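These notes concern the structure reproduced below.
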Amino acid sequence: MKAISLIGNSKSGKTTLALELCSYFRSLDLRVGYAKHSSHGFDLRDTDTQRLSEQAQAVAGVSPDQSMVLWSGQRYLLDLVPLLQSDVLIIEGGRELKVLPRILLPKAEDHEDRQLDQDLALASWKRQIDAQLPVMDHIQELGEYVLARGFLLPGLNCGACGRESCAHLAGEIVSGTASIDDCRALQGSMSIRINGQPLGLNPFAAGIVSGSIRGMLEQLKGYAPGTIDISLET
């Protein structure tokens with residue numbers, strides 16, 4: 001999955017840019033997922049959905065045109081990614097996420113832009129925030145850049161890559177001194193995909209799962225060492 005986050009202060013144009021990127025990627029026949037971080041919740045005032053969500057831990061809605069799930073409380077975004085079934089993930093906000101690169105959206109003559117964290121930044125949109133950070137102002141150029149350099153780490157902080165955390169590896173990937181292939185949780189001898197998206201497994205967990213599966217399969221007639229393919233629908 002290619003992934004990018006759009007970081008900017010209030011009314012910096014994050015949603016507008018997200019819409020333009022979604023339209024561009026859709027024109028390439030790519031599946032696009034969108035996630036929004038909000039510090040003040042979501043506006044469900046005076047709706048049945050709000051009243052139900054106050055009483056139920058989870059609310060699901062299904063109609064001929066769309067489906068939705070609303071959970072009470074905050075969930076870790078990476079746990080929801082498999083549900084999005086996307087080739088490209090666009091995240092609006094999420095400054096605390098340190099597992100993917102970001103595009104900064106500075107505002108004209110806004111001193112608050114100095115507080116934008118430039119770590120993990122690939123570029124800024126339309127306005128310059130730092131002399132060393134590329135400035136982009138065409139949606140096709142930005143879209144191609146996201147497809148070339150976007151990524152999403154599993155956020156396990158397992159240390160198998162030799163770094164202190166996923167944030168450290170993400171920083172090296174953005175700077176060009178490492179690549180997504182350095183993430184051992186995504187590149188081990190065992191891989192699991194949920195709805196097409198890789199599930200991050202640290203070496204310890206991968207060893208337990210793979211050892212358990214092999215141990216059970218060895219008891220079955222016809223088992224032989226080699227590559228094991230298992231397809232499971234839940």
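Side chains included, hydrogens not; waters and symmetry mates left out as well; all remaining heavy atoms used. Small disclaimer: the values here were computed from a predicted structure and weren't measured.
To the nearest 0.5 Å, atoms CG (Asp87) and CG (Leu28) are separated by 10.5 Å. Residue Lys126 holds its NZ atom at 7.5 Å from CG of Asp137, rounded to the nearest 0.5 Å. With rounding to the nearest 0.5 Å, the separation of CZ in Phe151 from CD1 in Ile180 is 6.5 Å. Rounding to the nearest 0.5 angstrom, the gap separating the CD atom in Glu92 from the OG1 atom in Thr15 is 3.0 Å.
Although no hydrogens or angles enter the test, the distance criterion places a donor-acceptor pair under 3.5 Å between the side chain of Ser5 and the main chain of Pro101. With Lys107 contributing its side chain and Ser10 its backbone, the two residues share a donor-acceptor pair below 3.5 Å. A donor-acceptor contact shorter than 3.5 Å links the side chain of Arg102 to the backbone of Arg95. With Lys2 contributing its side chain and Leu147 its backbone, the two residues share a donor-acceptor pair below 3.5 Å.
Cluster membership check: Val135 does not share its hydrophobic cluster with Leu142, using side-chain heavy-atom separations under 4.5 Å among Ile, Leu, Val, Met, Phe, Trp and Tyr. When the side chains of ILVMFWY residues are joined at heavy-atom separations under 4.5 Å, either directly or via intervening members, Leu116 and Leu133 end up in a single hydrophobic cluster. At a threshold of 4.5 Å between side-chain heavy atoms, the hydrophobic network of Ile, Leu, Val, Met, Phe, Trp and Tyr places Val62 and Trp71 in two separate groups.
Between Gly155 and Leu78, the shortest heavy-atom contact is N-CD1, 3.9 Å. Looking at every heavy atom in both residues, Ser86 comes nearest to Val32 through OG-C, 3.5 Å. The shortest heavy-atom contact between Asp130 and Gln118 is CB-OE1, 3.1 Å. Taking every heavy atom of both residues into account, Leu156 and Ala185 meet most closely at CD1-CB, 3.8 Å. Nearest heavy-atom pair, Leu105 versus Ser12, reported as atom, atom and distance to 0.1 Å: O-CB, 3.3 Å. Residue Lys14 comes nearest to Leu6 through the heavy atom pair CD-O, 3.4 Å, listed as atom of the first residue, atom of the second, then distance.
When each of Leu169, Ile173, Leu153 is checked for a side-chain contact (heavy atoms from CB on, under 4.5 Å) with Asp182, only Leu169 meets the rule. Between Ile91 and the choices Leu100, Ile4, Val81, the side-chain contact (heavy atoms from CB on, under 4.5 Å) rule is met once, by Leu100.
Pairs of residues two or more places apart, or lying in two chains, that qualify as side-chain hydrogen bond (donor to acceptor under 3.5 Å, both in side chains) and include a residue from residues 144-156 are Gln140-Glu144, Tyr145-Arg149. Sorted by first and then second residue, the side-chain hydrogen bond (donor to acceptor under 3.5 Å, both in side chains) pairs involving residues 150-164 (not counting sequence neighbours) are Arg163-Glu172.
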### Message
Between Cys22 and Ile90, does the side chain to side chain contact (heavy atoms under 4.5 Å, CB included) criterion hold? Intermediate values first, please.
### Response
CA-CA 8 Å; Cys22 286; Ile90 300 170; 3.7 Å; yes
